[in-house]
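Computation of the quantities below employed the complete heavy-atom set of this structure, encompassing side-chain atoms and omitting hydrogens, waters and symmetry-equivalent molecules.
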Amino acid sequence: MPTATPPVKAPFNELTDLQHALTEFAQQRNWDQFHTPKNLVMALSGEVGELIEIFQWLTPEQSQQLSPEKKQHASEEIADVMMYLLRLADKCDINVLQACQEKIQQNAAKYPINKCYGSAKKYNELD
């Protein structure tokens, strides 16, 4: 049985650099006025929908072995999702890495290894 996973230590400077680049990109085009949390969530939802379309009718096996073209398309849609998510976090003044670390800790408490190992049950269904 695997051991508990330590908290994620991601390169904070790279993530904030990307957020700053996205802010600058929007400001240079006078798009910041449109990047309200509401609009960003709606745009994010649309991009997730585009990502879903790539995988929608694939078998589980096909989804794990994308053609180079589908992989490139998925890469572009994942980038769109990530960029909108980072803009949303920035506009809501949420530190994404801190939020993820806190959520991992919450999930570790809800899903102890000895109760959920190999199970897809939700935390409230575990013995």
Side-chain angles (χ1 to χ4, degrees):
M1 183 166 19
T3 59
T5 307
V8 176
K9 299 290 185 192
F12 182 76
N13 59 339
E14 290 183 21
L15 194 56
T16 54
D17 288 350
L18 179 54
Q19 281 183 298
H20 292 311
L22 293 169
T23 297
E24 185 176 331
F25 185 90
Q27 287 174 344
Q28 289 172 342
R29 288 155 182 79
N30 195 26
W31 290 351
D32 207 43
Q33 62 181 319
F34 308 117
H35 288 186
T36 64
K38 177 196 89 58
N39 288 354
L40 290 167
V41 167
M42 292 174 69
L44 176 61
S45 177
E47 295 301 335
V48 169
E50 290 179 22
L51 183 59
I52 289 169
E53 287 178 4
I54 297 168
F55 294 92
Q56 185 172 8
W57 302 114
L58 301 180
T59 65
E61 295 78 19
Q62 290 170 330
S63 74
Q64 294 175 327
Q65 300 174 9
L66 297 178
S67 69
E69 296 80 19
K70 282 191 186 267
K71 186 174 181 177
Q72 177 61 36
H73 189 192
S75 173
E76 292 168 4
E77 298 307 333
I78 289 170
D80 285 341
V81 168
M82 181 68 165
M83 290 188 294
Y84 277 124
L85 188 60
L86 289 175
R87 286 292 286 152
L88 176 61
D90 193 35
K91 289 293 187 171
C92 292
D93 195 28
I94 294 172
N95 179 316
V96 175
L97 294 176
Q98 180 180 345
C100 288
Q101 288 175 342
E102 290 170 2
K103 188 64 177 179
I104 288 171
Q105 290 173 350
Q106 290 171 9
N107 286 344
K110 289 197 300 193
Y111 294 97
I113 294 170
N114 64 331
K115 289 186 178 182
C116 70
Y117 185 77
S119 173
K121 291 180 180 179
K122 192 170 177 176
Y123 66 93
N124 60 352
E125 299 172 336
L126 297 172
D127 297 326

For His73, what residues pass the side chain to side chain donor-acceptor pair (under 3.5 Å) criterion, not counting sequence neighbours? Glu77
Run Gln65 and Leu58 through side-chain contact (heavy atoms from CB on, under 4.5 Å) and show every step you take. CA-CA 10 Å; Gln65 300 174 9; Leu58 301 180; over 6 Å; no
Give a yes-or-no answer on whether the side chains of Gln72 and Glu76 include a donor-acceptor pair shorter than 3.5 Å. yes
Across all chains, not counting sequence neighbours, the side chain to side chain donor-acceptor pair (under 3.5 Å) partners of Thr23 are Arg87, Asp90
Could you pull out all residues at least two apart from Glu24 that satisfy side chain to side chain donor-acceptor pair (under 3.5 Å)? Gln28
Phe55 meets the ring-ring contact (aromatic ring centres under 6.0 Å, His included) criterion, sequence neighbours left out, with none
Are any side-chain N or O atoms of Ser119 and backbone N or O atoms of Cys116, one a donor and one an acceptor, separated by less than 3.5 Å? no
Qualifying residues under side chain to side chain donor-acceptor pair (under 3.5 Å), relative to Gln19, sequence neighbours excluded: none
Examine Tyr84 and Leu88 and state if one hydrophobic cluster contains both, with Ile, Leu, Val, Met, Phe, Trp and Tyr joined whenever side-chain heavy atoms are less than 4.5 Å apart. yes
Using a cut-off of 6.0 Å, state whether more than 12 heavy atoms not belonging to Asp93 lie near its atom CG. no
What is the distance from atom CG of Leu22 to atom CG of Asp17, rounded to the nearest 0.5 Å? 11.0 Å
Roughly how far apart are Ser67 OG and Gln62 CD, rounded to 0.5 Å? 10.5 Å
Cluster check Leu97, Leu18: I/L/V/M/F/W/Y, side chain < 4.5 angstrom: yes
What side-chain donor-acceptor pairs closer than 3.5 Å can you find for residues 40-54, not counting sequence neighbours?
none

Derivation and outcome, side-chain contact (heavy atoms from CB on, under 4.5 Å), residues Gln106 and Tyr111: CA-CA 9 Å; Gln106 290 171 9; Tyr111 294 97; over 6 Å; no
Could you list all the ring pair (Phe, Tyr, Trp, His ring centres under 6.0 Å) pairs where at least one residue sits in residues 14-37, not counting sequence neighbours? Phe25-Trp31
Set of side chain to side chain contact (heavy atoms under 4.5 Å, CB included) partners for Gln98, sequence neighbours left out: Asn95, Glu102
Can you tell me how far apart CG (Asp32) and CZ (Arg29) are? Round to the nearest 0.5 Å. 12.5 Å
Across all chains, not counting sequence neighbours, the side chain to side chain contact (heavy atoms under 4.5 Å, CB included) partners of Lys115 are Pro112, Leu126
Given a cutoff of under 4.5 Å between side-chain heavy atoms of I, L, V, M, F, W and Y, with clusters grown through shared members, what are the other residues clustered with Trp57? none
Remaining members of hydrophobic cluster (4.5 Å side-chain criterion), Ile94: none
